[in-house]
Amino acid sequence: MSAEIPTTVNQDQALTGVRERPAGDLWRRFARSKPALISLVWLVLVLLVALFAGLIAPYPPFEGGPDARLPPGSGNHLLGTNHLGQDVFSQLVHGARVSLLVGFSVALAATVIGVLVGAVAGFFGGVVDSVLMRISEFFQTLPRLVLALVIVALFGSGLFGMIVVLSLLSWPQTARVVRSGVQSVRQSAYVDAARVAGMPAGTVILREVLPNVMSSVVVIASLDVAAAILTEASLSFFGLGDPNFVSWGGMLFQAQAYLRTAWWMAVFPGLAIALVVLALNLVGDGLNDALNPRLKER
């Protein structure tokens with residue numbers, strides 16, 4: 001006698017094809033990578049410095065004085081002063097706010113757009129997939145930095161406008177990865193069961209499909225943060241940053257004319273950018289190892 005298929009399905013258990021990984025297990029896998037763990041600690045420290053910049057910085061970032069181009073350790077200036085007598089350490093601390101704000105904002109917006117486009121294209125396929133992927137390919141062929149330079153130069157260098165421009169240029173990679181992952185699981189048995197149970201397409205995508213591709217999305221998002229920080233620094237280095245805020249790229253822009261006479265003006269913001277971007281890449285590698293299901297049985 002054949003068993004009857006129950007008409008009521010537990011959508012939280014029976015339909016879900018992804019076995020949840022406990023947070024503690026993921027953390028242990030991530031912590032196995034010492035470079036990734038050290039990088040995470042460094043990023044948390046930088047984030048705390050950015051949040052409490054007003055309390056940490058000894059001087060207002062734009063406050064100048066007669067003591068121009070003092071070397072590091074002179075008087076009360078830990079990292080010296082720039083050509084306007086502004087404290088380099090104070091500018092470095094406040095510059096972390098802009099770099100991290102741009103990086104995380106762009107990564108968040110690009111992830112949301114990319115996941116939405118990739119999920120719709122991969123799940124529905126056909127003409128929808130073709131149209132969305134052609135749009136994605138068009139954006140991927142555009143030189144991100146050059147186009148950002150042109151747009152910011154034409155429409156202004158406001159911080160919000162820079163975030164919008166970088167977000168619109170950063171989503172295609174996420175979209176293509178999500179589309180590929182969605183295509184590989186959309187015909188799975190648990191997805192079919194969810195459809196049979198009467199789940200709307202949007203709910204099936206959110207609850208049954210996307211959890212299978214989110215590990216790749218998290219890794220790409222960490223790399224998007226690094227790419228956005230570099231792009232913002234590049235725009236500011238070319239003098240297209242927001243003049244109302246201190247940024248590490250803007251500090252490098254000011255330091256160009258004083259590389260021989262005041263090396264510290266360029267070295268410290270350059271080191272800050274390099275260390276943060278390196279840390280983000282190492283954290284991305286650690287997340288990839290921790291979230292990769294093929295490492296589960298190791």
Side-chain angles (χ1 to χ4, degrees), residues 20-59 61 72-73 77-80 87-111 163 166 170 173-174 214-234 236 245-252 264 266-296 298:
E20 294 185 1
R21 303 184 184 94
D25 183 53
L26 292 176
W27 171 251
R28 283 191 296 272
R29 293 182 180 278
F30 177 83
R32 288 177 183 174
S33 173
K34 299 304 179 184
L37 185 60
I38 294 172
S39 298
L40 180 62
V41 173
W42 165 246
L43 290 175
V44 171
L45 178 61
V46 174
L47 180 61
L48 291 174
V49 167
L51 291 174
F52 298 102
L55 299 176
I56 297 174
Y59 302 95
H77 302 285
L78 179 63
L79 302 182
D87 184 66
V88 173
F89 177 74
S90 299
Q91 290 205 325
L92 196 69
V93 169
H94 282 274
R97 286 183 169 180
V98 171
S99 294
L100 293 182
L101 174 63
V102 172
F104 284 105
S105 298
V106 170
L108 177 61
T111 298
I163 292 174
L166 296 182
S170 302
Q173 183 179 3
T174 301
M214 289 311 295
S215 59
S216 300
V217 171
V218 170
V219 175
I220 294 175
S222 68
L223 300 178
D224 282 341
V225 176
I229 289 176
L230 278 176
T231 307
E232 183 279 328
S234 300
S236 297
F245 298 93
V246 177
S247 70
W248 292 338
M251 294 175 68
L252 290 175
W264 55 90
V267 167
F268 294 120
L271 276 176
I273 295 172
L275 291 175
V276 168
V277 170
L278 176 62
L280 285 165
N281 281 273
L282 291 175
V283 168
D285 290 340
L287 287 172
N288 185 51
D289 293 339
L291 294 168
N292 192 337
R294 290 175 297 179
L295 302 177
K296 186 70 177 176
R298 291 187 180 181

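We number each residue from 1, following the sequence as shown.
Taking CG from Leu223 and CG from Leu287, the interatomic distance works out to 9.5 Å, rounded to the nearest 0.5 Å. Put simply, CG on Leu92 and CG on Asp87 are 9.5 Å apart, with the number rounded to the nearest 0.5 Å. Here the CG atom belonging to Leu230 is positioned 9.5 Å from the CG atom belonging to Leu280, to the nearest 0.5 angstrom. Atom OG1 of Thr174 and atom CD1 of Ile220 lie 4.5 Å apart (nearest 0.5 Å). Here the OG atom belonging to Ser105 is positioned 12.5 Å from the CG atom belonging to Asp224, to the nearest 0.5 angstrom.
Each of Phe89, Phe268, Tyr59 was scored for a ring pair (Phe, Tyr, Trp, His ring centres under 6.0 Å) with His77, with one residue passing: Tyr59.
Residues Ser236 and Ser247 approach most closely at OG-OG, 3.4 Å, considering heavy atoms. Across Ala233 and Ile273, no two heavy atoms sit closer than the pair CB-CD1, 3.7 Å. When all heavy atoms of Ala221 and Thr111 are compared, the closest pair comes out as CB-OG1, 3.6 Å. Taking both residues in full, the closest heavy atoms of Pro269 and Trp248 are given as CB-O, 3.8 Å, listed atom of the first, atom of the second, then distance. Contact detail for Gly103 and Ile229: the closest heavy-atom pair is CA-CG1, 4.0 Å. Pairing each heavy atom of Ala53 with each of Arg97, the nearest pair is CB-NE, 3.5 Å.
In this structure, Val88 and Met251 have side chains that are in contact, with non-hydrogen atoms separated by less than 4.5 Å. At least one side-chain heavy atom of Leu275 sits less than 4.5 Å from a side-chain heavy atom of Trp42. Under the 4.5 Å side-chain criterion, counting only non-hydrogen atoms from C-beta, Val277 is in contact with Asn281. Residues Val276 and Ser99 have side chains not in contact (no heavy-atom distance under 4.5 Å, counting atoms from C-beta outward). Using a 4.5 Å heavy-atom threshold, the side chains of Val106 and Val225 count as separate. When side chains are defined from C-beta on, Leu100 counts as touching Val46, because their heavy atoms get closer than 4.5 Å.
Side-chain atoms of Glu232 do not come within 3.5 Å of backbone N or O of Val102 as any donor-acceptor pair. Panel note: side chain Ser90, backbone Ala57; no donor-acceptor pair is recorded below 3.5 Å. Looking only at distances, a side-chain donor or acceptor of Ser222 sits under 3.5 Å from a matching main-chain atom of Val219.
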Open item on the list: As a quick check of understanding, evaluate side-chain contact (heavy atoms from CB on, under 4.5 Å) for Val41 and Leu45, giving each step before the final call.
Closed with: CA-CA 6 Å; Val41 173; Leu45 178 61; 5.6 Å; no
Open item on the list: Pair Leu40, Phe30 - check side-chain contact (heavy atoms from CB on, under 4.5 Å), show working.
Closed with: CA-CA 10 Å; Leu40 180 62; Phe30 177 83; 3.7 Å; yes
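A search for ring-ring contact (aromatic ring centres under 6.0 Å, His included) contacts involving Phe245 returns nothing, not counting sequence neighbours. Residues passing the side chain to side chain contact (heavy atoms under 4.5 Å, CB included) test with Ser39 are Ala279, Leu282, Val283, sequence neighbours excluded. Taking the ring-ring contact (aromatic ring centres under 6.0 Å, His included) definition, one finds that His94 meets it with nothing, sequence neighbours left out.
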